[in-house]
There are 2 protein chains.
Amino acid sequence: MNANVRVPQFAGQECDTSNWDAGNCPVRDVINQISGKWSTLLLQALAQRPYRFGELRRLVPDISQRMLTQTLRELQRDGYIDREVFPTKPPSVEYRMTDLGRSLFLPLSQVLSWAEDNHGAIKAARVRFDASA
Amino acid sequence: MNANVRVPQFAGQECDTSNWDAGNCPVRDVINQISGKWSTLLLQALAQRPYRFGELRRLVPDISQRMLTQTLRELQRDGYIDREVFPTKPPSVEYRMTDLGRSLFLPLSQVLSWAEDNHGAIKAARVRFDASA
DNA sequence: ATTTGTTGCTCTCAAAAAGAGACTAGGGCT
DNA sequence: AGCCCTAGTCTCTTTTTGAGAGCAACAAAT
(Lines give C-alpha, C1' and ligand atoms only; values in the text may rest on other atoms or scores of the structure.)
Protein backbone atom coordinates (compact mmCIF):
# COMPACT_ATOMS: atom_id res chain seq x y z
CA MET A 1 0.00 0.00 0.00
CA ASN A 2 0.86 3.66 -0.32
CA ALA A 3 3.07 2.90 -3.30
CA ASN A 4 3.46 5.52 -6.00
CA VAL A 5 0.04 7.00 -5.50
CA ARG A 6 0.02 10.48 -6.98
CA VAL A 7 -2.44 12.79 -5.33
CA PRO A 8 -3.23 16.40 -6.28
CA GLN A 9 -1.10 18.88 -4.37
CA PHE A 10 -1.45 22.58 -3.69
CA ALA A 11 -2.61 24.69 -6.65
CA GLY A 12 -1.69 22.91 -9.82
CA GLN A 13 1.08 20.75 -8.45
CA GLU A 14 1.47 17.08 -7.77
CA CYS A 15 3.31 15.26 -5.05
CA ASP A 16 4.23 11.64 -4.76
CA THR A 17 2.75 10.55 -1.47
CA SER A 18 5.19 7.68 -1.24
CA ASN A 19 7.90 10.31 -0.84
CA TRP A 20 6.50 11.80 2.34
CA ASP A 21 8.87 9.92 4.56
CA ALA A 22 11.86 11.96 5.63
CA GLY A 23 14.99 11.65 3.54
CA ASN A 24 13.15 11.23 0.27
CA CYS A 25 11.05 14.36 0.59
CA PRO A 26 12.82 17.57 -0.51
CA VAL A 27 10.20 19.71 1.17
CA ARG A 28 10.69 18.07 4.53
CA ASP A 29 14.45 18.23 4.18
CA VAL A 30 14.38 21.98 3.61
CA ILE A 31 11.51 22.88 5.89
CA ASN A 32 12.83 20.94 8.86
CA GLN A 33 15.80 23.28 8.98
CA ILE A 34 14.10 26.62 8.59
CA SER A 35 11.26 25.60 10.88
CA GLY A 36 13.45 25.70 13.95
CA LYS A 37 12.28 27.94 16.74
CA TRP A 38 14.82 30.65 15.94
CA SER A 39 15.59 30.18 12.23
CA THR A 40 12.94 32.42 10.70
CA LEU A 41 13.60 35.09 13.30
CA LEU A 42 17.30 35.21 12.44
CA LEU A 43 16.59 35.13 8.73
CA GLN A 44 14.23 38.05 9.24
CA ALA A 45 16.93 39.99 11.05
CA LEU A 46 19.67 39.23 8.54
CA ALA A 47 17.33 40.08 5.64
CA GLN A 48 17.52 43.69 6.86
CA ARG A 49 21.27 43.99 7.05
CA PRO A 50 24.33 42.09 8.24
CA TYR A 51 24.58 41.63 11.98
CA ARG A 52 27.28 40.63 14.40
CA PHE A 53 26.90 37.84 16.92
CA GLY A 54 26.39 40.11 19.89
CA GLU A 55 23.98 42.33 17.99
CA LEU A 56 21.77 39.37 17.19
CA ARG A 57 21.93 38.33 20.80
CA ARG A 58 20.69 41.73 21.92
CA LEU A 59 18.10 41.85 19.12
CA VAL A 60 16.57 38.55 20.19
CA PRO A 61 16.78 38.89 23.94
CA ASP A 62 15.53 35.44 24.89
CA ILE A 63 17.79 33.28 22.75
CA SER A 64 20.62 31.49 24.50
CA GLN A 65 24.15 31.80 23.16
CA ARG A 66 24.14 28.10 22.58
CA MET A 67 21.07 28.17 20.34
CA LEU A 68 22.23 31.33 18.56
CA THR A 69 25.53 29.70 17.64
CA GLN A 70 23.83 26.47 16.64
CA THR A 71 21.08 28.07 14.55
CA LEU A 72 23.55 30.35 12.75
CA ARG A 73 25.71 27.32 11.92
CA GLU A 74 22.76 25.46 10.48
CA LEU A 75 21.70 28.44 8.38
CA GLN A 76 25.27 28.80 7.21
CA ARG A 77 25.52 25.11 6.38
CA ASP A 78 22.41 25.25 4.22
CA GLY A 79 23.86 28.27 2.42
CA TYR A 80 21.41 30.93 3.58
CA ILE A 81 23.98 33.06 5.38
CA ASP A 82 27.72 33.75 5.27
CA ARG A 83 30.01 34.08 8.26
CA GLU A 84 32.96 36.46 8.12
CA VAL A 85 35.56 36.84 10.85
CA PHE A 86 37.35 40.16 11.28
CA PRO A 87 40.76 39.94 12.98
CA THR A 88 40.06 42.78 15.39
CA LYS A 89 40.75 42.54 19.07
CA PRO A 90 38.64 40.98 20.34
CA PRO A 91 37.78 39.29 17.02
CA SER A 92 34.36 40.16 15.67
CA VAL A 93 32.17 38.01 13.44
CA GLU A 94 29.64 39.25 10.96
CA TYR A 95 26.76 37.25 9.53
CA ARG A 96 25.16 38.29 6.26
CA MET A 97 22.55 36.81 3.98
CA THR A 98 23.54 35.08 0.76
CA ASP A 99 21.69 35.27 -2.55
CA LEU A 100 20.14 31.90 -1.80
CA GLY A 101 18.97 33.22 1.57
CA ARG A 102 17.46 36.28 -0.05
CA SER A 103 15.64 34.17 -2.62
CA LEU A 104 14.19 32.09 0.19
CA PHE A 105 13.17 35.16 2.08
CA LEU A 106 10.99 36.41 -0.78
CA PRO A 107 8.26 33.77 -0.30
CA LEU A 108 9.03 33.48 3.42
CA SER A 109 8.34 37.14 4.03
CA GLN A 110 4.87 36.63 2.55
CA VAL A 111 4.14 34.12 5.28
CA LEU A 112 5.46 36.52 7.90
CA SER A 113 3.22 39.27 6.53
CA TRP A 114 0.29 36.88 6.64
CA ALA A 115 1.10 36.10 10.25
CA GLU A 116 1.07 39.76 11.15
CA ASP A 117 -2.19 40.40 9.30
CA ASN A 118 -4.01 37.41 10.76
CA HIS A 119 -2.68 37.41 14.28
CA GLY A 120 -6.01 38.70 15.56
CA ALA A 121 -8.03 35.96 13.87
CA ILE A 122 -5.74 33.33 15.32
CA LYS A 123 -5.93 34.67 18.84
CA ALA A 124 -9.71 34.72 18.50
CA ALA A 125 -9.71 31.10 17.31
CA ARG A 126 -7.67 30.13 20.36
CA VAL A 127 -10.12 31.80 22.70
CA ARG A 128 -13.03 29.96 21.06
CA PHE A 129 -11.20 26.64 21.25
CA ASP A 130 -10.20 27.04 24.87
CA ALA A 131 -13.74 28.06 25.83
CA SER A 132 -15.33 25.02 24.20
CA ALA A 133 -12.75 22.55 25.48
CA MET B 1 19.04 50.25 25.12
CA ASN B 2 17.03 48.49 22.41
CA ALA B 3 14.01 50.65 23.23
CA ASN B 4 11.57 51.56 20.47
CA VAL B 5 14.17 51.47 17.73
CA ARG B 6 12.41 51.02 14.42
CA VAL B 7 14.52 49.30 11.83
CA PRO B 8 13.61 48.61 8.20
CA GLN B 9 12.02 45.21 7.73
CA PHE B 10 11.48 43.01 4.70
CA ALA B 11 10.39 44.81 1.51
CA GLY B 12 8.76 48.05 2.45
CA GLN B 13 7.78 47.12 5.97
CA GLU B 14 8.89 48.16 9.39
CA CYS B 15 9.18 46.19 12.56
CA ASP B 16 9.64 47.37 16.09
CA THR B 17 12.77 45.63 17.26
CA SER B 18 11.74 46.08 20.86
CA ASN B 19 8.89 43.69 20.09
CA TRP B 20 11.09 40.79 19.13
CA ASP B 21 10.75 39.11 22.47
CA ALA B 22 8.13 36.38 22.49
CA GLY B 23 4.64 37.34 23.61
CA ASN B 24 4.76 40.81 22.10
CA CYS B 25 5.70 39.72 18.62
CA PRO B 26 2.77 38.55 16.47
CA VAL B 27 5.08 36.96 13.96
CA ARG B 28 6.75 34.80 16.57
CA ASP B 29 3.41 33.88 18.10
CA VAL B 30 2.07 32.62 14.79
CA ILE B 31 5.25 31.17 13.36
CA ASN B 32 6.17 29.21 16.46
CA GLN B 33 3.03 27.11 15.98
CA ILE B 34 3.24 26.40 12.27
CA SER B 35 6.98 25.82 12.44
CA GLY B 36 6.58 22.59 14.34
CA LYS B 37 8.22 19.57 12.79
CA TRP B 38 4.92 18.16 11.52
CA SER B 39 2.67 21.21 11.12
CA THR B 40 3.49 22.21 7.57
CA LEU B 41 3.38 18.61 6.46
CA LEU B 42 -0.12 18.13 7.84
CA LEU B 43 -1.27 21.47 6.43
CA GLN B 44 0.07 20.37 3.07
CA ALA B 45 -1.90 17.14 3.27
CA LEU B 46 -5.14 18.76 4.42
CA ALA B 47 -4.82 21.45 1.75
CA GLN B 48 -5.46 18.69 -0.78
CA ARG B 49 -8.57 17.23 0.78
CA PRO B 50 -9.98 16.19 4.17
CA TYR B 51 -8.27 13.24 5.79
CA ARG B 52 -9.07 10.90 8.62
CA PHE B 53 -6.71 10.26 11.51
CA GLY B 54 -5.55 6.89 10.28
CA GLU B 55 -5.14 8.14 6.74
CA LEU B 56 -2.81 10.89 7.92
CA ARG B 57 -0.90 8.35 9.95
CA ARG B 58 -0.34 6.20 6.88
CA LEU B 59 0.43 9.24 4.74
CA VAL B 60 3.18 10.40 7.09
CA PRO B 61 4.67 7.05 8.03
CA ASP B 62 7.14 8.27 10.62
CA ILE B 63 4.89 10.38 12.80
CA SER B 64 3.91 8.92 16.15
CA GLN B 65 0.26 8.77 17.14
CA ARG B 66 1.09 11.03 20.03
CA MET B 67 2.56 13.78 17.84
CA LEU B 68 -0.19 13.40 15.23
CA THR B 69 -2.88 13.97 17.85
CA GLN B 70 -0.97 16.82 19.41
CA THR B 71 -0.16 18.64 16.17
CA LEU B 72 -3.72 18.30 14.88
CA ARG B 73 -5.03 19.76 18.15
CA GLU B 74 -2.69 22.73 17.88
CA LEU B 75 -3.68 23.38 14.27
CA GLN B 76 -7.32 23.10 15.30
CA ARG B 77 -6.83 25.46 18.21
CA ASP B 78 -5.30 28.13 15.98
CA GLY B 79 -8.24 27.76 13.61
CA TYR B 80 -6.44 26.25 10.61
CA ILE B 81 -8.37 22.98 10.59
CA ASP B 82 -11.72 21.61 11.75
CA ARG B 83 -12.31 18.29 13.43
CA GLU B 84 -15.52 16.37 12.80
CA VAL B 85 -16.49 13.15 14.54
CA PHE B 86 -18.75 10.68 12.76
CA PRO B 87 -20.70 8.33 15.05
CA THR B 88 -19.85 5.23 13.06
CA LYS B 89 -18.60 2.06 14.65
CA PRO B 90 -15.80 2.37 15.28
CA PRO B 91 -16.10 6.17 15.38
CA SER B 92 -14.17 7.96 12.68
CA VAL B 93 -12.80 11.50 12.76
CA GLU B 94 -12.26 13.73 9.79
CA TYR B 95 -9.95 16.72 9.67
CA ARG B 96 -10.49 19.43 7.07
CA MET B 97 -8.94 22.80 6.39
CA THR B 98 -10.78 26.00 7.31
CA ASP B 99 -10.85 29.22 5.28
CA LEU B 100 -8.21 30.64 7.59
CA GLY B 101 -6.05 27.60 6.97
CA ARG B 102 -6.45 27.94 3.23
CA SER B 103 -5.52 31.61 3.35
CA LEU B 104 -2.37 30.71 5.26
CA PHE B 105 -1.57 27.99 2.79
CA LEU B 106 -1.46 30.42 -0.13
CA PRO B 107 1.83 32.08 0.94
CA LEU B 108 3.02 28.92 2.67
CA SER B 109 2.79 26.88 -0.52
CA GLN B 110 5.13 29.40 -2.15
CA VAL B 111 7.76 28.53 0.42
CA LEU B 112 7.17 24.83 -0.16
CA SER B 113 7.58 25.33 -3.90
CA TRP B 114 10.79 27.24 -3.26
CA ALA B 115 12.03 24.37 -1.14
CA GLU B 116 11.37 21.90 -3.90
CA ASP B 117 13.03 24.11 -6.54
CA ASN B 118 16.13 24.84 -4.46
CA HIS B 119 16.68 21.52 -2.76
CA GLY B 120 19.64 20.84 -5.00
CA ALA B 121 21.35 24.13 -4.19
CA ILE B 122 20.91 23.48 -0.47
CA LYS B 123 22.30 19.98 -0.63
CA ALA B 124 25.29 21.35 -2.56
CA ALA B 125 25.82 24.05 0.08
CA ARG B 126 25.83 21.39 2.79
CA VAL B 127 28.45 19.37 0.97
CA ARG B 128 30.66 22.46 0.60
CA PHE B 129 30.22 23.33 4.26
CA ASP B 130 30.97 19.83 5.51
CA ALA B 131 34.03 19.62 3.30
CA SER B 132 35.53 22.89 4.55
CA ALA B 133 34.75 22.23 8.22
C1' DA C 1 48.99 47.21 38.68
C1' DT C 2 44.89 45.20 39.28
C1' DT C 3 40.25 44.95 38.22
C1' DT C 4 36.65 45.13 34.86
C1' DG C 5 34.68 44.69 30.38
C1' DT C 6 34.49 43.10 25.56
C1' DT C 7 34.46 39.63 21.84
C1' DG C 8 32.38 34.95 20.15
C1' DC C 9 32.11 31.14 21.37
C1' DT C 10 32.16 25.92 24.04
C1' DC C 11 31.02 22.91 28.00
C1' DT C 12 28.12 21.03 31.55
C1' DC C 13 23.95 20.06 33.76
C1' DA C 14 18.85 20.55 34.26
C1' DA C 15 14.37 20.95 32.08
C1' DA C 16 11.34 20.42 28.37
C1' DA C 17 9.87 18.16 24.22
C1' DA C 18 9.54 14.28 21.18
C1' DG C 19 9.52 9.26 19.96
C1' DA C 20 8.30 4.16 20.88
C1' DG C 21 5.13 1.30 22.21
C1' DA C 22 1.57 -0.70 25.38
C1' DC C 23 -3.26 -0.15 26.60
C1' DT C 24 -8.37 1.32 26.09
C1' DA C 25 -13.45 0.66 24.42
C1' DG C 26 -17.08 -0.99 21.69
C1' DG C 27 -18.36 -3.32 18.12
C1' DG C 28 -17.73 -6.42 13.42
C1' DC C 29 -15.96 -10.52 11.25
C1' DT C 30 -14.71 -15.50 11.21
C1' DA D 1 -13.99 -17.15 21.52
C1' DG D 2 -10.41 -14.72 19.35
C1' DC D 3 -8.77 -11.00 16.42
C1' DC D 4 -9.03 -6.56 14.04
C1' DC D 5 -10.72 -1.87 13.43
C1' DT D 6 -11.13 3.01 15.13
C1' DA D 7 -8.86 7.31 17.55
C1' DG D 8 -6.88 8.11 20.83
C1' DT D 9 -4.26 8.23 26.03
C1' DC D 10 -0.50 6.79 29.30
C1' DT D 11 4.13 5.69 30.45
C1' DC D 12 8.97 5.33 29.61
C1' DT D 13 13.21 6.55 27.15
C1' DT D 14 15.80 9.42 24.19
C1' DT D 15 16.61 13.77 22.06
C1' DT D 16 16.46 18.73 22.08
C1' DT D 17 16.58 23.03 24.37
C1' DG D 18 17.69 26.32 28.00
C1' DA D 19 20.54 28.49 31.87
C1' DG D 20 24.63 29.64 33.08
C1' DA D 21 29.73 29.10 33.93
C1' DG D 22 34.29 29.23 31.74
C1' DC D 23 37.78 30.86 28.18
C1' DA D 24 41.47 33.55 25.88
C1' DA D 25 43.24 37.75 24.57
C1' DC D 26 43.37 42.26 24.75
C1' DA D 27 41.52 47.56 26.07
C1' DA D 28 40.00 50.79 29.25
C1' DA D 29 39.14 52.27 33.67
C1' DT D 30 40.66 52.69 38.59
Side-chain angles (χ1 to χ4, degrees), chain A residues 1-2 20-23 25 28-29 31-42 45-46 50-78 81-96 129 132-133, chain B residues 1-2 20-23 28 31-42 45-46 50-78 81-96 129 132-133:
Chain A
M1 82 284 288
N2 197 25
W20 280 36
D21 40 294
C25 182
R28 288 186 60 173
D29 189 32
I31 296 297
N32 274 350
Q33 281 302 331
I34 64 173
S35 76
K37 183 173 179 180
W38 307 105
S39 305
T40 42
L41 208 58
L42 295 177
L46 293 170
Y51 276 97
R52 291 181 38 199
F53 186 88
E55 286 180 310
L56 289 171
R57 214 165 100 70
R58 284 185 289 275
L59 192 62
V60 185
D62 56 344
I63 194 173
S64 65
Q65 293 195 355
R66 190 180 156 284
M67 286 314 292
L68 181 53
T69 303
Q70 190 176 316
T71 307
L72 288 170
R73 285 289 144 75
E74 287 168 1
L75 294 177
Q76 186 195 357
R77 188 171 107 100
D78 280 15
I81 63 176
D82 269 338
R83 177 178 183 271
E84 191 177 359
V85 182
F86 296 97
T88 56
K89 304 160 190 175
S92 61
V93 179
E94 193 177 83
Y95 295 92
R96 65 171 67 239
F129 181 89
S132 67
Chain B
M1 80 288 284
N2 196 24
W20 279 37
D21 40 295
R28 289 186 59 174
I31 295 297
N32 273 350
Q33 280 303 330
I34 64 172
S35 76
K37 182 172 179 184
W38 307 106
S39 304
T40 42
L41 208 58
L42 293 178
L46 293 170
Y51 275 98
R52 291 182 37 200
F53 186 88
E55 285 180 311
L56 288 170
R57 213 164 101 72
R58 284 185 288 275
L59 192 62
V60 185
D62 56 344
I63 193 173
S64 65
Q65 294 194 349
R66 189 180 157 283
M67 288 313 292
L68 181 53
T69 303
Q70 195 176 104
T71 307
L72 288 171
R73 285 288 142 78
E74 287 168 2
L75 294 177
Q76 186 195 356
R77 188 172 108 98
D78 281 13
I81 62 175
D82 269 337
R83 177 178 183 272
E84 192 177 358
V85 183
F86 296 98
T88 55
K89 303 161 191 173
S92 61
V93 179
E94 194 178 83
Y95 295 91
R96 65 173 66 238
F129 180 90
S132 67

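Computation of the quantities below employed the complete heavy-atom set of this structure, encompassing side-chain atoms and omitting hydrogens, waters and symmetry-equivalent molecules. Note on naming: letters A, B, ... go to the chains in the order of the sequence lines (proteins, then strands), and numbering restarts at 1 for each one.
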- Task: For the pair Val60(A) and Met67(A), evaluate side-chain contact (heavy atoms from CB on, under 4.5 Å) and give the outcome as yes or no after the intermediate values.
- Result: CA-CA 11 Å; Val60(A) 185; Met67(A) 286 314 292; over 6 Å; no
- Options dG19(C), dT9(D), dT10(C), nucleotide nearest the side-chain atoms of Gln65(B): dT9(D)
- Item | Per Arg66(A) side chain, nearest of listed nucleotides dT9(D), dC11(C), dA18(C) | dC11(C)
- Item | Leu41(B), Thr71(B), Leu72(B) screened by side chain to side chain contact (heavy atoms under 4.5 Å, CB included) with Leu56(B), the one that passes | Leu72(B)
- Counting any heavy atom closer than 4.0 Å, what does Tyr95(A) reach on the DNA or RNA strands: base, sugar-phosphate only, or nothing? sugar-phosphate
- Query: Could one point to a donor on the side chain of Arg57(B) or the base of dA7(D) with an acceptor on the other under 3.5 Å away?
  - Reply: no
- Closest listed nucleotide, where the reference is the side chain of Trp38(A) and the choices are dA20(C), dG18(D), dT7(C): dG18(D)
- Residue Ser92(A), side-chain heavy atoms: nucleotide from dT9(D), dT7(C), dT6(D) that is nearest: dT7(C)
- Message: What is the distance, to the nearest angstrom, from the CD atom on Gln70(B) to the C1' atom on dA17(C)?
- Response: 8 Å
- Message: What is the separation between atom CG on Asp62(B) and atom P on dT14(D), rounded to the nearest whole Å?
- Response: 20 Å
- What integer distance in Å separates Leu56(B):CG from dA7(D):C1'? 12 Å
- Note on the structure: Against the side chain of Arg52(A), the closest entry in dG8(C), dT6(D), dT17(D) is dG8(C)
- Spacing of Ile63(A) atom CD1 relative to dG20(D) atom P, expressed in whole Å: 15 Å
- Would you mind reading off the distance between Met67(A) atom CE and dC11(C) atom C1', rounded to a whole angstrom? 15 Å
- Could you give the CG-to-P distance, from Leu41(B) to dA18(C), as a whole number of Å? 15 Å
- Message: Tell me the closest heavy-atom pair linking Leu46(A) and Tyr95(A), and the distance in Å.
- Response: CD2-O, 3.3 Å
- Query: If you check every side-chain atom of Lys89(A), which of dG19(C), dC26(D), dT17(D) has the closest atom?
  - Reply: dC26(D)
- Task: Send over the distance from Leu72(B) CG to dT9(D) C1', rounded to a whole Å.
- Result: 15 Å
- Give a yes/no answer on whether the side chain of Lys37(B) brings an N or O atom under 4.0 Å of OP1 or OP2 in dG19(C). yes
- Note on the structure: The answer to which of Thr69(A) and Pro90(A) contacts DNA chain C further toward the 5' end, by nearest nucleotide, is Pro90(A)
- Message: Side chain of Arg73(B), heavy atoms from C-beta onward: which of dT17(D), dT9(D), dA7(D) has the nearest atom to it?
- Response: dT9(D)
- Query: Leu42(A) CG to dG8(C) P: how many Å, rounded?
  - Reply: 14 Å
- Between Arg77(A) and Phe129(B), which heavy-atom pair has the shortest distance, and what is it? CG-CD2, 3.4 Å
- Hey, is the main chain of Ser35(A) close enough, under 3.5 Å, to the side chain of Ser39(A) for a donor-acceptor pair? no
